Each structure stands twice: as C-alpha cells, then as structure tokens.
Participant: 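Got a structure for you, written out below as structure tokens; questions coming shortly.
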Amino acid sequence: MDLATYLAELDATAAAAENALESAASADDVEAARIEFLGAKAGRIKSLQKGLGQIDKADKPEAGKRFQALKSQIDAALSAAKDKLGDNQQAASPKKPKSQKESVAAVPGAFDPTADPPEARMRLGHIHPITQTITALQEIMGRLGFSVAEGPEVEDEWHNFEALNIAASHPARDPLENFYLHTASAAAGQPGKSDKPLLLRSQTSTVQIRVMETVPPPVRVISLGRVYRPDTADATHYPMFHQIEGLMVDRGVTMADLKSVLRLFAMSYFGGDVHIRFRPSFFPFTEPSVEVDMSWKDGWMEMGGAGMVDPHVLKSVGYDPDEVTGFAFGLGVERVCMRRHGIDDIRELYRNDVRFLEQF
Ligand code: FA5
C-alpha cells in the first residue's frame with residue numbers, strides 16, 4: 001500500500017472515531033465505539049496496525065508516527081467521552097454504587113470499615129514542652145559531665161528538711177506550706193508504729209541528700225522531676241511544677257565553678273540572648289547562697305536558687321567538709337521553658353489545650 005492511501009485511511013478512521021465518541025449518549029455507546037476502534041481482535045486500529053506491514057520501507061517511519069498519533073488521539077477522545085458521561089450522570093442522579101465500599105458510605109451515619117481515615121484522625125501527637133525541656137536540659141548538663149540521679153516524689157522529713165539543715169521550727173516545714181500525706185498509721189491513730197510523716201517533696205534538693213548518702217565524693221549529678229507546693233496558681237506559680245537540681249562535690253570546688261556552670265547552661269539552652277544574674281540570698285543548706293535570675297521582657301524573672309553546700313549538710317551525709325566542697329542549684333523547669341518559648345503564663349502548660357501544645 002502506498003503512503004498516501006494509508007494516511008488517507010488514518011484520517012478517515014480519526015474522523016469516524018471522533019464522530020462516534022462525540023455523539024455517544026450512553027456508556028453503552030462509548031463501549032461500542034471502543035470495541036469498533038480499539039478492539040483487540042477486530043478493531044480498526046488493529047487492522048491499521050497490520051496495514052503498516054505493507055508500507056514501503058522508506059515510508060514506514062512517517063506512517064508509524066502518524067499511526068501512533070491516531071491511536072493516542074482515539075485513546076484521549078475515549079477518556080473524554082467517559083468523563084463527560086460520568087459528570088452528566090452524576091449531576092442528573094446519584095451514581096449507582098459500584099462497590100460495597102460506596103454503598104455503605106452512602107447510608108448516612110453508617111460505619112464503613114473500608115473507608116479511608118479522615119485526615120484529622122491522622123494528626124501526629126507532640127511531646128509535651130516540659131518533657132522536651134527536660135530532655136534538652138539533661139543533654140546540656142550531660143555534656144558538662146553531670147549524670148542523672150532520681151529520687152522519690154513521696155519523701156520523709158529527713159530528706160526533705162532535716163538533712164538539708166531545715167530545722168523543725170523553720171516556716172518552710174509548716175503543714176500549710178506542704179502536702180503532708182495522711183499515712184495509714186496516722187489514720188489508724190497509731191503514732192509510733194510507723195509514724196514517719198511523709199509528704200510530697202517540695203524540692204528536688206532531697207535527691208542531693210540521697211545521692212551523697214550512697215555515693216562517696218566526687219559527685220556530679222543532676223536530678224529532674226516533679227515537686228509540690230500548695231501555692232496558688234498564677235502566671236509564674238503552679239502547685240505542681242518541675243525542678244532541675246544540680247550537685248557537684250569534689251576537692252576545691254568553688255563559687256566560680258557554680259557560676260561558670262550556670263552561665264554555660266544558660267548560653268547553651270537560651271542561645272546567648274538571655275542574661276542571668278546572681279543575687280545574694282539565703283537557703284539553710286547552702287552558704288553562701290544566691291538567687292539566680294534570668295532577663296525577662298524589660299526586667300528579670302527568678303529562675304532558681306543556688307549556693308555552696310553548707311558544711312553541716314556535708315557532715316550529715318558523712319562527707320568531710322575539710323576534704324571536699326561542693327555547689328548545688330535548683331532551677332524551675334517551667335520557668336526556663338517559658339523563657340525559651342516566650343510563654344507568658346505557666347498555666348498554659350497544664351491546660352492540655354492541643355492548639356497550644358501542638359505548637360511545640
Ligand atoms: C528551692 O526550691 C531550692 N531547693 C533551690 C536550691 C537548690 C537552692 C540547691 C540552693 C541549692 P526555691 O523555693 O526558690 O528554691 O525554688 C526554686 C525555683 O523553683 C524558683 O526559682 C522557681 O523557678 C521555681 N518555683 C518555685 N515555686 C514555684 C511554683 N509554685 N511554680 C513554678 N515554679 C516554682
């Protein structure tokens with residue numbers, strides 16, 4: 001067959017296919033056109049493909065190119081005809097369910113176990129900002145050589161007060177300033193049986209004592225955890241909050257080491273744009289003692305307390321204050337978290353509002 005005749009056949013087939021698909025009024029019409037033109041056995045495209053074999057070798061590339069173009073053109077016209085019919089039928093009447101999946105979903109309120117989950121249900125959770133802060137602080141202090149120690153949240157008076165040099169008459173021991181527990185023996189009116197008063201620890205300094213009671217110097221530890229005080233909640237106070245306690249005891253430890261460690265900590269955690277300052281203060285278990293403040297808006301916010309471990313405390317745990325000295329600090333974890341993330345109110349951290357929490 002010569003090229004001109006073959007191309008004329010291609011053109012005629014193209015026109016016929018276009019005509020058939022454009023005038024197709026139903027899915028059956030489209031299917032009939034598909035079989036006529038693209039049918040695998042006797043379709044017109046199939047016979048045109050066979051006709052290619054009779055074309056002169058020199059004309060084959062041109063004929064092949066035009067044949068492929070025709071095939072693509074009919075494929076596209078077929079898809080367009082199907083889409084057109086689908087849209088029209090949907091607009092006219094609800095589409096007949098084709099599968100069980102569609103039929104279940106069409107019943108309002110029915111549970112469809114095959115349905116894809118709505119996107120909202122696939123939202124990822126977030127690690128709470130306080131947990132993130134704890135992890136970051138542990139990492140920073142770890143780099144400075146501090147390992148992590150733990151202590152119980154339910155404490156006795158020895159670890160929460162006495163070993164820390166806080167005398168029985170000290171106002172910090174007032175039952176109204178602490179969460180004392182109603183222990184079983186107290187409830188049974190049997191003081192003396194197991195009459196050790198217990199309380200929710202009010203500070204992580206308890207862990208200083210527990211560490212020094214069990215480990216000989218040198219020590220370099222931090223402890224992070226919850227503490228409890230019956231404080232009224234406001235923008236910077238909460239009745240349950242977290243502290244990070246630091247303790248370093250060795251030969252020749254000085255106040256300069258304490259200040260260096262806290263400055264390094266602040267530089268690492270806040271990234272250099274937060275200043276810290278030390279104010280003289282008093283804690284029964286450190287001498288000298290300081291309050292540590294961090295810059296906050298136009299002023300300062302108290303971040304924690306610190307100082308050199310009082311020789312009485314070292315003695316009470318069996319350390320020799322003539323041999324070793326040490327520093328300790330206790331910082332409010334919520335406050336450093338707030339400062340880092342610009343959170344104005346500590347209560348936001350415990351409202352459990354996902355819109356707040358998912359920002360971290
Ligand atoms: C203490 O708790 C001492 N144990 C700190 C210490 C440790 C001093 C080692 C010396 C050596 P203070 O009561 O100031 O100190 O509390 C420390 C920090 O905890 C405060 O600066 C503040 O950041 C945080 N804090 C205290 N009370 C609350 C509260 N109700 N809510 C949130 N954070 C609080």
Side-chain angles (χ1 to χ4, degrees), residues 129-130 133-134 137 141 146 149 151 155 159-161 163-166 170-174 177-179 199-212 219 221-249 253 255 257-259 261-262 265-266 269 274 276-296 300-314 325-340 343-350:
I130 288 299
T133 307
I134 287 173
L137 300 186
M141 295 308 293
F146 287 76
E155 264 296 5
H159 292 97
N160 204 84
F161 300 124
L164 287 163
N165 219 16
I166 303 175
H170 196 284
R173 290 179 70 158
D174 192 307
E177 298 294 328
N178 295 284
F179 287 113
L199 72 160
L200 296 179
R201 69 180 176 190
S202 61
Q203 50 185 344
T204 44
S205 298
T206 52
V207 187
Q208 284 182 39
I209 302 301
R210 288 189 173 273
V211 168
M212 289 190 286
V219 292
V221 292
I222 52 163
S223 185
L224 281 131
R226 295 188 192 95
V227 299
Y228 304 83
R229 296 180 190 178
D231 289 349
T232 304
D234 62 18
T236 53
H237 293 85
Y238 210 68
M240 184 286 302
F241 58 101
H242 296 71
Q243 287 188 333
I244 170 173
E245 191 81 11
L247 172 72
M248 178 171 171
V249 183
V253 173
M255 195 78 183
D257 297 312
L258 167 66
K259 292 172 94 172
V261 164
L262 287 175
F265 153 76
Y269 186 64
V274 173
I276 62 168
R277 71 173 185 188
F278 299 90
R279 272 184 296 120
S281 186
F282 173 78
F283 293 99
F285 39 96
T286 47
E287 179 58 36
S289 303
V290 288
E291 297 279 6
V292 190
D293 296 336
M294 55 190 162
S295 55
W296 180 271
W300 298 91
M301 152 116 80
E302 185 192 310
M303 178 166 73
M308 298 304 293
V309 182
D310 192 295
H312 283 108
V313 174
L314 293 176
T325 52
F327 69 70
F329 61 85
L331 314 177
V333 173
E334 277 74 4
R335 300 232 182 134
V336 294
C337 169
M338 289 163 72
R339 180 65 180 89
R340 163 94 176 247
I343 301 166
D344 284 335
D345 194 322
I346 194 172
R347 290 167 290 196
E348 294 290 357
L349 290 166
Y350 296 111

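Numbering of ligands and ligand atoms starts at 1, following listing order. Computed from a predicted model, the values in this text were never measured in an experiment. All residue numbers refer to positions in the sequence shown, counting from 1.
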Participant: What heavy-atom pair brings Trp296 and Asp344 nearest, and what distance separates the two atoms?
Facilitator: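 Closest approach of Trp296 to Asp344, heavy atoms only: CZ2-OD1, 4.4 Å.
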Participant: Check this for me - ligand 1, Gln243, N or O atoms closer than 3.5 angstrom, yes or no?
Facilitator: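 Yes, at least one N or O pair falls under 3.5 Å.
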Participant: Is Gly304 close enough to touch ligand 1? Criterion: a residue heavy atom under 4.0 Å from a ligand atom.
Facilitator: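 Heavy atoms of Gly304 do come under 4.0 Å of ligand 1.
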Participant: Just going by heavy-atom distances, which of Glu245, Met338, His237, Arg229 is nearest to atom 2 (O) of ligand 1?
Facilitator: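 Minimum heavy-atom distance to atom 2 (O) of ligand 1 goes to Arg229.
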Participant: Using a heavy-atom cut-off of under 4.0 Å, does the side chain or the backbone of Ser205 touch ligand 1, or both, or neither?
Facilitator: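 For Ser205, only side-chain atoms sit under 4.0 Å from ligand 1.
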Participant: Could you tell me which atoms of ligand 1, counted from 1 in the order shown, lie closer than 4.0 angstrom to a heavy atom of Gly332?
Facilitator: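 Selected atoms, number and element: 18 (C), 19 (O), 23 (O), 24 (C).
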Participant: Could you establish whether Met301 and ligand 1 come within less than 4.0 Å of each other, counting only heavy atoms on the residue side?
Facilitator: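 No heavy atom of Met301 comes that close to ligand 1.
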Participant: Within the side chain of Glu334, is there an N or O that forms a donor-acceptor pair under 3.5 Å with the backbone of Thr236?
Facilitator: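 It does not hold such a pair.
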Participant: Check for me whether Arg229 meets the cation-pi criterion with Phe179, that is, NZ or CZ under 6.0 Å from the six-membered ring centre and within 45 degrees of the ring axis.
Facilitator: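 So Arg229 doesn't make the cation-pi contact.
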Participant: I need the Glu155 CD to Phe161 CZ distance, nearest 0.5 Å.
Facilitator: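 Interatomic distance, Glu155 CD to Phe161 CZ, rounded to 0.5 Å: 10.0 Å.
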Participant: Answer with side chain, backbone, both or neither: which part of Gln203 has a heavy atom less than 4.0 angstrom from an atom of ligand 1?
Facilitator: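 The answer is the side chain of Gln203.
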Participant: Tell me: protein heavy atom nearest atom 23 (O) of ligand 1, and distance?
Facilitator: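 The closest heavy atom on the protein side is Met303 O, 2.9 Å.
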Participant: At less than 4.0 angstrom from any non-hydrogen atom of Thr286, what atoms of ligand 1 do you find?
Facilitator: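 It comes down to these atoms of ligand 1: 10 (C), 11 (C).
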Participant: Assess Glu334 for proximity to ligand 1: is some non-hydrogen atom of it under 4.0 Å away?
Facilitator: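 For ligand 1, residue contact (heavy atoms, under 4.0 Å) with Glu334 is absent.
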Participant: Taking Ile166's backbone N and O only, do any of them form a donor-acceptor pair with Arg173's side chain (distance below 3.5 Å, no angle check)?
Facilitator: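 Indeed, once roles are kept as given, a pair shorter than 3.5 Å links the two residues.
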Participant: Taking a cutoff of less than 4.0 Å between a non-hydrogen atom of the residue and any ligand atom, is Phe285 in contact with ligand 1?
Facilitator: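 Flag set, Phe285 near ligand 1.
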Participant: Classify the contact between Arg335 and ligand 1 as side chain, backbone, both or neither, using a heavy-atom distance cut-off of under 4.0 Å.
Facilitator: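 For Arg335, the contact with ligand 1 is made by the side chain alone.
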Participant: So which heavy atom in the protein is nearest atom 6 (C) of ligand 1, and how far is it from that ligand atom?
Facilitator: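 Answer, as residue, atom name and distance: Gly305 O, 3.5 Å.
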Participant: Would you mind running through ligand 1 and noting each atom that sits below 4.0 Å from a heavy atom of Ile346?
Facilitator: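 By the 4.0 Å cutoff, the relevant atoms are 32 (C).
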Participant: Contact between Thr236 and ligand 1, counting heavy atoms under 4.0 Å?
Facilitator: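 Yes, Thr236 has heavy atoms under 4.0 Å from ligand 1.
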Participant: Between atom CD1 of Ile134 and atom CD1 of Ile244, what is the distance when rounded to the nearest 0.5 Å?
Facilitator: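 Output value for this atom pair is 9.0 Å.
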Participant: Looking only at protein heavy atoms, identify the closest one to atom 15 (O) of ligand 1 and say how far it is in Å.
Facilitator: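 Answer, as residue, atom name and distance: Phe283 CE2, 3.6 Å.
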Participant: So which protein heavy atom does atom 30 (N) of ligand 1 come closest to, and at what separation?
Facilitator: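 Nearest neighbour among protein heavy atoms for atom 30 (N) of ligand 1, to 0.1 Å: Asp231 OD2, 2.8 Å.
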Participant: Does a donor on one side chain and an acceptor on the other come within less than 3.5 Å for Glu245 and Gln208?
Facilitator: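 On atom types as modelled, these side chains qualify, holding a pair under 3.5 Å.
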Participant: Starting from atom 27 (N) of ligand 1, locate the nearest protein heavy atom and write down its residue, its atom name and how far away it is, to 0.1 Å.
Facilitator: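 Answer, as residue, atom name and distance: Phe241 CZ, 3.3 Å.
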Participant: Considering only heavy atoms of Gln208, which atoms of ligand 1 have at least one such atom less than 4.0 Å away?
Facilitator: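 In order of numbering, the contacting atoms are 9 (C).
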Participant: Just by modelled atom types, is the Pro239 backbone N or O under 3.5 Å from a matching donor or acceptor in the Asp231 side chain?
Facilitator: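 Looks like no, no N/O pair under 3.5 Å.
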Participant: Answer side chain, backbone, both or neither: which part of Ala306 comes under 4.0 Å from ligand 1, heavy atoms only.
Facilitator: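 Only the backbone of Ala306 comes within reach of ligand 1.
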Participant: What residue and heavy atom of the protein are closest to atom 20 (C) of ligand 1, and at what distance?
Facilitator: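 So the nearest neighbour among protein heavy atoms is Glu302 OE2, 3.3 Å.
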Participant: Please state which protein non-hydrogen atom is closest to atom 7 (C) of ligand 1 and give its distance, to 0.1 Å?
Facilitator: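 Going by distance alone, atom 7 (C) of ligand 1 is nearest to Gly330 N, 3.2 Å.
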Participant: Step through the shown structure and confirm whether more than 12 heavy atoms of other residues, nucleotides or ligands are within 6.0 Å of NE2 on His170.
Facilitator: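 Count over threshold, so yes.
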Participant: Report the nearest protein non-hydrogen atom to atom 31 (N) of ligand 1: residue, atom name, distance rounded to 0.1 Å.
Facilitator: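 Checked against all protein heavy atoms, atom 31 (N) of ligand 1 sits closest to Tyr238 N, 3.0 Å.
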Participant: Out of curiosity, Met212 CE to Leu314 CG, how far, rounded to the nearest 0.5 Å?
Facilitator: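 Between Met212 CE and Leu314 CG, I get 6.0 Å after rounding to 0.5 Å.
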Participant: Drop me the distance from Asp257's CG to Met248's CE, to the nearest 0.5 angstrom.
Facilitator: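 Result: 5.5 Å between the selected atoms.
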Participant: Determine whether Phe265 and Met141 satisfy the following criterion, side chain to side chain contact (heavy atoms under 4.5 Å, CB included), listing intermediate values before the conclusion.
Facilitator: CA-CA 7 Å; Phe265 153 76; Met141 295 308 293; 4.3 Å; yes
Participant: Is atom CZ of Arg226 surrounded by more than 12 heavy atoms (other residues, nucleotides or ligands) closer than 6.0 Å?
Facilitator: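 No.
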Participant: Tell me the contacting part of Val292 for ligand 1: side chain, backbone, both, or neither, using a 4.0 Å heavy-atom threshold, strictly below.
Facilitator: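 Contact part for Val292 vs ligand 1: neither.
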Participant: Rounded to the nearest 0.5 Å, how far does CZ of Phe329 lie from OG of Ser289?
Facilitator: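 So the gap between those two atoms works out to 14.5 Å.
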